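Notes follow once the structure below has been shown.
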Amino acid sequence: MNYDKKKICVVGSGHVGLVCAATFAQMGHVVICIDNDKKKINLLKKSVLPFYEPGLKQLVVKNINKNLVFSASLDEGIKKSDIIFIAVGTPPLPDGSADLTSVETVARAIARNLNRYKLVIEKSTVPVQTGQKIKETIHRYRKNSTQFDVASNPEFLREGKAVEDSFAPDRIVIGVESQRAERILRELYAPLGVPIIASDINTAEIIKHASNSFLATKISFINAVSRICDLTGADVEKVALAMGLDKRIGKQFLQAGIGYGGFCFPKDIEAFIYISKKLGYDFGLLKEVKRINDEQRACFVEKVKERLWVLKGKKIAVLGLSFKPDTDDMRFAPSIDIIDAFLKDGAKLSLFDPASQKNAKLLFKNKRVQFAAGLYAAIKGCDCLCFLTEWHEFKKLDFKKIKLLMANPLIADGRNMFDGEKLRKLGFEYIGMGK
Ligand code: UGA
């Protein structure tokens, strides 16, 4: 089957925008990826990526200066394209709402540069009814009566698996208001051969809110169960395994631990609570999801304190800082609160992460922490070894060597990565989360 090459502009070169631009370029379309950060664009022009994402650099290198170009000129990108994806940041404001300033700025730029029909697609995670606002803004600021459509096409990719998810998503959601918009989007995604769910724009926006909130609810649910397991000596991993085999429940996102972090779940839950309230509904369930999640970090710290008694002057080694493996992203990582709590009690901290060390150094630059050059260097002489991210390389560690290096053989496993019994047999004291 032959598909038309489309002229696509992706505004925003973050985790969503850059992956989306590289994917469409690889599918044979002509893509301009825009960012207002000139430094970032200059680096991208040399294929230097602003973050670590497995497989993405190869994709950029393969397509750059052929199907894929980077530019800081939003006006130029819009004028040259027929399809515009808005993938700019929507960071949280102090009241929990999403800051939509960048989305509005792009909508006005589209209005200014509406030289022919354009399909404007919101890709960023936005509150329901943002599509309508984008439409109103373009109508308000356009200088002629050139036609356009607005659509919603929420992204479901996971950091660390973004390229894989982008080419093989479980489903594509398109929120559309015209047959023309639906046809263009169906054509664009047809080569992926995955189910396409078409709906109105508000429904598509709610699908994104509901999907992330449901996944976060699953995590908080199992974390609440893990607390009961702790209180009764039961094993949350067995509980999750047996629950997950029920096809109606499913086994994913039932991994108990220090809870969810990252730039998606924490802010998206807040934003859904906020917009629900604004619309007149109190989404109490989600408030509880957030509370349980926050409590998991405090619970982990308490478990360590219970064993070490006094933290002042003790050396705690922390392996894993990013909010999850295969990313260097430190945003809203559970490690931040846990490290702060240890510091508050006067512990000495030695930190190591295989990918996020650079970002963590910036984040903790005013904090009394040490970064180790390697895994074993971090552990040397520590009174407690904490695992806060389940990096694959940690699973291959030599625990006999570790025991000799530690001043006190206490392991606190915030992600339930290890078999506690095996470690106990090796002479460690082991703390898990609900097991
Ligand atoms: C999440 C969603 O999974 C994506 O579908 C969505 O597109 C994305 O948010 C977004 O809205 O942009 P992501 O934040 O990359 O993706 O990471 P996840 O793999 O979902 O993990 C989120 C957090 O939950 C991590 O801190 C992880 O450690 C934690 N988690 C996950 C658990 O604590 N337990 C689990 O069982 C699963």
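Nothing fancy with the numbering, it's 1 onward along the sequence. Just so it is clear, the model here is predicted, and its values are computed rather than measured. Ligands are counted one by one from 1 in listed order, and the atoms in each one are counted from 1 as well.
Using a 4.5 Å heavy-atom cutoff, the side chains of His29 and Asn67 are not in contact. In this structure, Phe221 and Val289 have side chains that are not in contact, with every pair of non-hydrogen atoms separated by 4.5 Å or more.
Numbered from 1 in the order shown, with element, the atoms of ligand 1 that lie under 4.0 Å from a heavy atom of Phe265 read 1 (C), 2 (C), 3 (O), 9 (O), 20 (O), 22 (C). Each of the following atoms of ligand 1 lies closer than 4.0 Å to a heavy atom of Glu155: 7 (O). Atoms of ligand 1 found under 4.0 Å from any heavy atom of Glu159, numbered from 1 in the order shown, are 15 (O). Within ligand 1, counting atoms from 1 as listed, the ones closer than 4.0 Å to a heavy atom of Asp268 are 11 (O). For ligand 1, the atoms lying closer than 4.0 Å to a non-hydrogen atom of Asn212 are 2 (C), 6 (C), 9 (O), 10 (C), 11 (O). Close approach of ligand 1 to Leu254 is summarised as follows: ligand atoms under 4.0 Å from at least one heavy atom of the residue are 36 (O). The ligand atoms of ligand 1 that sit less than 4.0 angstrom from a heavy atom of Gly259 are 33 (O). Distances below 4.0 Å separate heavy atoms of Tyr260 from the following atoms of ligand 1: 23 (C), 24 (O), 26 (O), 29 (C).
Between Phe85 and Phe24, the two ring planes are parallel [angle under 30°; tilted spans 30° to 60°]. Between Phe272 and His209, the two ring planes are parallel [angle under 30°; tilted spans 30° to 60°]. Using bins of under 30°, 30° to 60° and over 60° for the plane-to-plane angle, the ring pair Phe428/Phe399 lands in the perpendicular bin.
Under the 6.0 Å distance and 45° angle rule, Lys401 counts as a cation-pi partner of Tyr376.
Defined by atom type and a distance below 3.5 Å, a donor-acceptor pair is present between the side-chain atoms of Gln132 and Glu177. For the residue pair Asp35/Ser13, the side-chain donor-acceptor check at 3.5 Å is satisfied. Using modelled atom types and a 3.5 Å distance limit, the side chains of Asp353 and Trp391 yield a donor-acceptor pair.
At a 4.0 Å heavy-atom cut-off, ligand 1 touches Leu157 through the backbone alone. With a heavy-atom cut-off of 4.0 Å, His15 does not touch ligand 1 at all. Residue contacts with ligand 1 for Phe263 are absent, since no atom lies close enough (heavy atoms, distance under 4.0 Å).
In this structure, the protein non-hydrogen atom closest to atom 3 (O) of ligand 1 is Arg158 CG, 3.6 Å. Scanning the protein for heavy atoms near atom 28 (O) of ligand 1, the closest one is Arg415 NH1, 3.2 Å. Shortest contact from atom 32 (C) of ligand 1 to any protein heavy atom: Ile219 CD1, 3.6 Å. Among protein heavy atoms, atom 37 (C) of ligand 1 sits closest to Phe253 CD2, 3.4 Å. The closest protein non-hydrogen atom to atom 34 (N) of ligand 1 is Gln255 O, 3.0 Å.
Put simply, part of Cys264 is less than 4.0 Å from ligand 1, judged by heavy atoms. Residue contacts with ligand 1: Lys208 is included, with a non-hydrogen atom under 4.0 Å away. Within the 4.0 Å heavy-atom shell around ligand 1 one does not find Lys218.
For the pairing with Leu385, the side chain to side chain contact (heavy atoms under 4.5 Å, CB included) check across Ile402, Leu397, Asp413 returns one residue only, Ile402.
Polar contact with ligand 1: present for Lys324 (N/O pair, distance under 3.5 Å). Taking any N or O of Phe156, backbone or side chain, at least one lies under 3.5 Å from an N or O belonging to ligand 1. Of the polar atoms of Phe323, at least one N or O is found under 3.5 Å from an N or O of ligand 1, judged by distance alone.
Taking the six-membered ring for Trp, Phe263 and Phe323 have ring centres at least 6.0 Å apart.
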Using salt bridge (Lys or Arg N to Asp or Glu O under 4.0 Å), reason through Glu421 and Lys425 one step at a time and then give a plain yes or no. CA-CA 6 Å; Glu421 271 323 295; Lys425 275 191 193 130; 5.5 Å; no
Using side-chain hydrogen bond (donor to acceptor under 3.5 Å, both in side chains), reason through Tyr52 and Asp329 one step at a time and then give a plain yes or no. CA-CA 8 Å; Tyr52 169 70; Asp329 199 341; over 6 Å; no
